[in-house]
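What follows is a single structure, written as structure tokens, with notes after it.
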Amino acid sequence: NPTVKPHFLLLQTRKQENRDSNKDKERLKESRSNNGHLFTSITVCSTTLCSSCNRSFTSKEALSCPACNATIHNRCRDSLASCAKMKQRQQKLVKNSSALQNVTMRSKTPVMKERPSSAIYPSDSLRQSLLGSRRVRSGLGLAKSVSTNNIAGLRGAEESVGLRRILSQSTESLNFRSRTWSMESLTDDGEWWWSPLLEELKLQGSCVQSDSWSSSVDQSYLQTLHRDLIRQQDVIYELIQTEFHHVRTLRIMEGVYRRGLQEEVRVESSLLHSVFPCLDRLLELHNHFLSELLRKRQEGLIEGSNNNYTIRGLGELLVTQFSGQRAEDMKKVYSEFCSRHPKAVKIYKDVLSRDRRLQQFIRRVCRGPLLRRHGVQECILLVTQRITKYPVLLQRILDHTKGNDREPLSRALALMKDLVSSVDQEVLELSRCGRLQEVMARLDPRAQTEVQDGGVFIGGELLRRKLLHDGALMWKLQGSRMKDVQVLLMSDILVFLQEKDQKLTFASLDKSPVVSLTNLIVRDIANQERGLYLISNSTPPVMYELHAASKDERRTWMSHIDIQSVCVLYIVSMIDYSMIRMMSVPTEVFFQVSQDAFGTYCVKNLVHTETKYLC
């Protein structure tokens, strides 16, 4: 029969289209569970960054969405925003469903019945409630795409099944669109409260957008200047530009991260102060310095021009900034900030690992290109590095300066170097104090030991001294046995500690764990590159054999102990111990007072330069 073959082909075609439609539905169902993404497993290199958390891949396995080209970790599947191409795919699926309903049996003659649009949407109020006020237009377009004539042409069960299928697909499409709309609103940077701050920073930085000063001024004006002056102005421009970037970093820390952690994440004030120490004082200092630099730029403008300028007399401004009360403020602020840098990063990582609200906040913030490069850890590191950049810039300005302007620049450079040196020393002292506090926190409060003169030494005596160096060494005992000990080099003694029941206590070995540095002799072991001897000047003399982890570590320990022994020897030779006992002045207090005097002695007598700082 010739009519059977076309009928058979039509059935085959309809079955194939049904299978394709089911596959699309399965993909759509899977994509809804992944925010619209169709992930597949791929192999990536270690330099590839995750599209969600912006971190590198530690393993070669990753997930990739072919629709939006997103590559993420497996753990970041739920945190990625909705797929941008899913909306188009959904509309295409709805059109295919509509086209499927138009296919009818050729052997049957459909009876055309006119049915109102209320068969799909009974009333305008229901249509409004289904689509929402913001989706009415798209919903009406969807209703029009499903022809009422085609729906009415279906008979019996086919009519009811087709109508239910169309209504269910329309409702699913609306639900998916509403979810897509809510996720798209999260990716719109213009809706966040920190956007005005970023716009303000962008506007303020318009004067330092050029790569160099020579590219920001007119070429005709540039040709009238000497080459050394051009190079000098380029470096001054770099100073102003980097100072603006530093202020921008501080304002991002203050206006985005600290405010976000306080208002959205609800982090405690004590934790905020630990993560962002003395941030307000830093911002005040550098805002003032930047405003003075921009004032110099405004004063150097050529009459009748807004782009052509030369900055002169910068040395006096730099001398004012890096001397007096401002230098003291910078020393105090940077010493505190830099010394707390490791602790601040550690606290931030701990809070980030356990607080989901902070993770979501950081994920939203880092969607912008500027804030993606300025995370919390990156900002903290940039602030600690800023003070070390000034001597380099000032030296380059001085190299291209001639005449009377060199003298104030030279003074400013010397002041800046002294300031950096003072900050380094303060950071070192604060880190040593922090390390001593950590040791005391682990030390058993009942720990005490006997010293060589028969007295008793308790743990609280350590707090009355200054920690100079510490580390792990091996103490060789009788019978070639080695014991791990924690060694503390204090201002006048050497202390050996050992771990017991997760606590620190004085080492209970064959010799006293507290050794005086007075006349202490340090020697290396000839046939062992990591061993050293300590010989105490007591009656009778006592020798300690210690072993370091490496040759360099042994050299470091020998240098520190030898220098501090010389320091103690000099201080003891300056005063009679009997007078100290008559005055009832503790020995460690005398050592603390005499450190400055010994530093002067070391400089005059060309003793090792590190002695002044070790004392």
Side-chain angles (χ1 to χ4, degrees), residues 197 200-210 212-213 216 232-255 258 276-301 309-338 374 379-398 400-401 405 407-424 426-427:
L197 173 62
E200 181 184 354
L201 292 175
K202 183 178 180 181
L203 182 61
Q204 292 177 353
S206 59
C207 61
V208 290
Q209 288 181 348
S210 302
S212 62
W213 174 84
S216 64
Q232 181 202 52
Q233 295 299 313
D234 279 337
V235 183
I236 295 176
Y237 179 86
E238 184 179 352
L239 173 64
I240 299 175
Q241 187 182 48
T242 53
E243 187 67 20
F244 170 76
H245 291 164
H246 184 58
V247 172
R248 182 181 65 185
T249 301
L250 293 173
R251 294 194 63 183
I252 288 175
M253 293 173 66
E254 185 267 339
R258 191 175 69 176
F276 306 106
C278 54
L279 182 57
D280 294 329
R281 288 182 290 167
L282 274 171
L283 193 55
E284 180 183 356
L285 284 172
H286 287 280
N287 266 331
H288 177 269
F289 186 34
L290 179 61
S291 62
E292 290 297 316
L293 291 174
L294 294 179
R295 181 181 60 82
K296 278 288 184 181
R297 176 188 181 277
Q298 190 68 23
E299 293 176 355
L301 283 174
Y309 65 93
T310 54
I311 297 178
R312 302 182 185 276
L314 185 64
E316 296 297 335
L317 172 61
L318 296 177
V319 169
T320 305
Q321 179 67 26
F322 301 133
S323 63
Q325 185 60 40
R326 294 198 176 277
E328 290 296 325
D329 294 340
M330 290 188 68
K331 174 184 175 182
K332 184 182 302 183
V333 170
Y334 271 98
S335 299
E336 181 180 355
F337 191 93
C338 295
H374 290 74
C379 288
I380 295 175
L381 181 61
L382 288 173
V383 173
T384 58
Q385 294 174 345
R386 178 55 184 170
I387 195 171
T388 62
K389 308 296 183 182
Y390 290 121
V392 179
L393 293 171
L394 267 60
Q395 183 64 56
R396 291 173 56 195
I397 295 174
L398 184 62
H400 299 292
T401 303
D405 293 337
E407 193 273 332
L409 285 173
S410 300
R411 287 195 292 123
L413 179 60
L415 290 170
M416 190 67 241
K417 289 182 177 180
D418 291 341
L419 178 60
V420 173
S421 178
S422 300
V423 170
D424 288 341
E426 288 290 331
V427 171

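For reference, positions follow the sequence shown, starting with 1. The analysis underlying the following values was restricted to heavy atoms, covering all of them including side chains, and did not include hydrogens, waters or symmetry mates.
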Over all heavy atoms of both residues, which pair between [X] and [Y] is shortest? Give the atoms and the distance, please.
{"X": "Val247", "Y": "Leu283", "value": "O-CD1, 4.2 Å"}
{"X": "His246", "Y": "Val383", "value": "CE1-CA, 3.8 Å"}
{"X": "Leu415", "Y": "Phe322", "value": "CB-O, 3.4 Å"}
{"X": "Leu413", "Y": "Gln395", "value": "CD2-OE1, 2.9 Å"}

Subject >> Tyr237 side chain vs Ser210 backbone, donor-acceptor pair below 3.5 Å >> reply: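 Yes, because the side chain of Tyr237 sits within donor-acceptor range (under 3.5 Å) of the backbone of Ser210.
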**OP:** Any chance you could lay out the side chain to side chain donor-acceptor pair (under 3.5 Å) test for His286 and Arg386, step after step, and finish with the verdict?
**Re:** CA-CA 11 Å; His286 287 280; Arg386 178 55 184 170; 5.4 Å; no
**OP:** Give the C-alpha distance, both sets of side-chain angles, the deciding distance and a yes or no for salt bridge (charged side-chain N to carboxylate O under 4.0 Å, His left out) between Glu336 and Lys332.
**Re:** CA-CA 6 Å; Glu336 181 180 355; Lys332 184 182 302 183; over 6 Å; no
Subject >> Cationic N near anionic O, under 4.0 Å, Glu292 to Arg295 >> reply: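 Looking at Glu292 and Arg295, the cut-off is met.
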**OP:** Among Lys417, Gln321, Glu243, find the residue that satisfies the side chain to side chain donor-acceptor pair (under 3.5 Å) test when tested with Tyr390.
**Re:**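 Among Lys417, Gln321, Glu243, the one meeting side chain to side chain donor-acceptor pair (under 3.5 Å) with Tyr390 is Glu243.
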Original post:
In terms of the angle between their ring planes, are Trp213 and Tyr309 parallel, tilted or perpendicular, with boundaries placed at 30° and 60°?
Top reply: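 Perpendicular.
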Original post:
Given the rule in the salt bridge (charged side-chain N to carboxylate O under 4.0 Å, His left out) test, do Glu200 and Arg248 qualify, once you have shown the distances and angles that lead to the verdict?
Top reply: CA-CA 10 Å; Glu200 181 184 354; Arg248 182 181 65 185; over 6 Å; no
Original post:
Do other residues, nucleotides or ligands put more than 12 heavy atoms under 6.0 Å from Gln385 CD?
Top reply: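 Atom CD in Gln385 is crowded, with more than 12 foreign heavy atoms closer than 6.0 Å.
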**OP:** Measure the shortest side-chain to side-chain distance between Arg258 and Asp280 over non-hydrogen atoms and say whether it is less than 4.5 angstrom.
**Re:**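 The answer is yes; the side chains approach within 4.5 Å.
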